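In what follows, a single structure is set out as structure tokens and then discussed.
Predicted model only: the values in this text are computed from it and were never measured.
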Amino acid sequence: MTPEQQRHRNQLAFVASGTELEIGERAACPLPLEQLVATTGTEPYVREYFSGGLTAHVYRIHVGGRDWTLKRARERCKVQNLDGQTSFLNEIQRRAELRALKRDPRFATGLCAIVDTHYASFRHGVLLSPWIDGKPVRAWDERQLVELFEALLALLLGGLFEWDLCPGNTLDDGQIRLFDFGYMYPFDPLRQFNSNGTATPEFHAAERFETRQFFAHLLPLERQSDRLALAAFDTEKRIALETYRRLRSELDARGASTTVVDWLSDIITGWQQGLNGDLDALYLREAWRSHWLDLQDDLSGQTCTEATFSRIDWLEQAVRERYHDLQHLVSVEAAEALQTKLRNARRMARQWQVTA
């Protein structure tokens, strides 16, 4: 049984058990639990309702002179796979672990980006956190990237792997904030690459950020000029490189396996060579990987948005204009086969399009 299969089995067993998972005290909630559970968005204490959440209804509520984020689990998650169906349970499990990690002085500074949890109940489908008065990141600058990678480093060293670093899960209120953990899973950083063990070495923290949002952020820069996109990519990659050097050093000092240390060394060497040599080739390789993987993720979850179509556009253009370069950088099928797959992907994306 793979780590992913074991996780699915454990979570389904927990759901079936009827056991409660609770964080915090009900008495500390600003409203009675029953009232939080029954919130629909029409109440006078609801300031905003965010309908785009795939796992939960999200409300900004104002009670007792302050604002809160209230998440109520959807009766049926919009993401049509097992990870989606168990994501609310998984988020509460991770928030309990994050609460403990944030008390550990080794991780406290890096995890200041992680939103606190005031109260959560799996069986009642409720999660309450302080409201983050921030905005989605529209243009990643150096300060924001440094703060994000500091948080990712702390998560990895703490044994947590975040798969869904999408734009909707990162905010900036003067400090980068991470607040949605439905697709964050535990792993052993000394023996494993991610929560899939050593089965999927292509997935790692920087890749998850680049795949789930950074290369989508670079698309409008590409339309302005390749120079702007390459400069932004260079900044991000150098910050990622320094973070991975620190990660490797810390894991090696803790006694990480040769498999893990060598895997990180290979990633670091590849980035160094690209940054010191052909930056355009490194960009093309990472962009192809990111757009292709994120497209597959959207199709797998049957949750496609306008961003999905932008990625398909980019991939189709890359096949038309840079197929020869791609052949030297990544393992790709024949151009005709890729074009067919992308046409089919566009058709399925139309069928599974949701409002972002």
Side-chain angles (χ1 to χ4, degrees), residues 2-4 6-7 90 93-116 140 142-165 170 175-178 181 183-212 214 233-277 282 286 289:
T2 68
E4 181 181 41
Q6 185 65 56
R7 183 182 75 246
N90 187 75
Q93 290 171 329
R94 299 295 81 74
R95 281 177 177 258
E97 294 162 0
L98 285 164
R99 217 180 195 204
L101 277 178
K102 291 184 76 171
R103 297 190 184 107
D104 189 324
R106 295 174 300 168
F107 306 112
T109 300
L111 294 182
C112 65
I114 302 297
V115 68
D116 291 327
W140 284 90
E142 185 172 356
R143 187 268 301 173
Q144 294 165 328
L145 289 166
V146 167
E147 290 175 356
L148 174 69
F149 277 95
E150 282 294 320
L152 294 179
L153 177 62
L155 288 170
L156 294 171
L157 292 174
L160 294 173
F161 188 88
E162 173 58 71
W163 287 86
D164 193 21
L165 289 165
T170 50
Q175 157 79 47
I176 288 297
R177 306 289 180 186
L178 303 179
F181 314 109
Y183 299 92
M184 177 184 286
Y185 305 120
F187 80 115
D188 179 1
L190 301 182
R191 301 289 178 267
Q192 299 174 323
F193 304 149
N194 52 53
S195 59
N196 290 336
T198 56
T200 54
E202 66 271 26
F203 297 116
H204 50 94
E207 172 276 321
R208 287 289 79 202
F209 169 60
E210 292 169 359
T211 292
R212 294 299 286 134
F214 190 65
F233 174 70
D234 181 84
T235 297
E236 183 266 346
K237 215 55 168 177
R238 292 185 186 280
I239 293 168
L241 175 62
E242 177 57 28
T243 302
Y244 272 46
R245 284 172 173 158
R246 291 165 59 197
L247 176 63
R248 180 181 60 180
S249 177
E250 177 65 25
L251 293 179
D252 193 28
R254 289 194 196 176
S257 68
T258 302
T259 300
V260 167
V261 174
D262 288 350
W263 168 70
L264 285 170
S265 294
D266 287 345
I267 294 172
I268 288 167
T269 298
W271 289 350
Q272 287 174 323
Q273 291 174 346
L275 289 168
N276 296 330
L282 180 62
E286 306 286 65
R289 174 214 63 201

About how many Å separate [atom2] of [Y] and [atom1] of [X], when rounded to the nearest 0.5 Å?
{"X": "T269", "Y": "L264", "atom1": "OG1", "atom2": "CG", "value": "10.5 Å"}
{"X": "Y183", "Y": "N90", "atom1": "OH", "atom2": "CG", "value": "9.0 Å"}
{"X": "T170", "Y": "E162", "atom1": "OG1", "atom2": "CD", "value": "10.0 Å"}
{"X": "L178", "Y": "L165", "atom1": "CG", "atom2": "CG", "value": "6.5 Å"}
{"X": "I267", "Y": "E202", "atom1": "CD1", "atom2": "CD", "value": "10.5 Å"}
{"X": "E236", "Y": "L241", "atom1": "CD", "atom2": "CG", "value": "10.5 Å"}

If you apply the rule salt bridge (Lys or Arg N to Asp or Glu O under 4.0 Å), what do you find for E242 with R238, and how did you get there? CA-CA 6 Å; E242 177 57 28; R238 292 185 186 280; over 6 Å; no
Given side chains that start at C-beta, do those of [X] and [Y] come closer than 4.5 Å, heavy atoms only?
{"X": "I176", "Y": "L145", "answer": "no"}
{"X": "W140", "Y": "T235", "answer": "no"}
{"X": "V260", "Y": "D252", "answer": "no"}
{"X": "Q192", "Y": "S257", "answer": "no"}
{"X": "L156", "Y": "F161", "answer": "yes"}
{"X": "E4", "Y": "N196", "answer": "yes"}
{"X": "E210", "Y": "E286", "answer": "yes"}
{"X": "F181", "Y": "I114", "answer": "yes"}

Under a plain distance cut-off of 3.5 Å, with no hydrogens placed, do W263 and T198 share a side-chain donor-acceptor pair?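 Judged by distance alone, the side chains do not pair up.
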Between [X] (side chain only) and [Y] (backbone N and O only), is there a donor and an acceptor less than 3.5 Å apart?
{"X": "S249", "Y": "R245", "result": "no"}
{"X": "R208", "Y": "W163", "result": "yes"}
{"X": "Y244", "Y": "A206", "result": "yes"}
{"X": "R177", "Y": "C112", "result": "yes"}

Plane angle bin for F209 and F149 - parallel if under 30°, tilted between 30 and 60°, otherwise perpendicular: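 Geometry flag for F209 against F149: perpendicular rings.
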Please say whether more than 12 non-hydrogen atoms of neighbouring residues, nucleotides or ligands are located less than 6.0 Å from CD in E142. no
Which atom of [X] lies closest to which atom of [Y], heavy atoms considered:
{"X": "S195", "Y": "R7", "answer": "OG-NH1, 4.1 Å"}
{"X": "A113", "Y": "Q175", "answer": "CB-NE2, 3.8 Å"}
{"X": "P189", "Y": "L157", "answer": "CG-O, 4.3 Å"}

Taking only residues two or more places apart in sequence, or in another chain, which ones meet Q272 in a side-chain hydrogen bond (donor to acceptor under 3.5 Å, both in side chains)?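 Scan of Q272 (side-chain hydrogen bond (donor to acceptor under 3.5 Å, both in side chains), adjacent residues dropped) gives none.
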Walk me through whether L155 and L101 qualify under side-chain contact (heavy atoms from CB on, under 4.5 Å). CA-CA 9 Å; L155 288 170; L101 277 178; 5.6 Å; no
Going by the rule ring-ring contact (aromatic ring centres under 6.0 Å, His included), which residues pair with F107 if we only count those two or more places apart in sequence or in a different chain?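 Here no residue qualifies.
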I would like to know whether N194 and H204 meet side-chain contact (heavy atoms from CB on, under 4.5 Å); could you show each step before the answer? CA-CA 7 Å; N194 52 53; H204 50 94; over 6 Å; no
Taking only residues at least two apart or on different chains, which pairs with a member in residues 253-268 satisfy salt bridge (Lys or Arg N to Asp or Glu O under 4.0 Å)?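 The answer is E250-R254.
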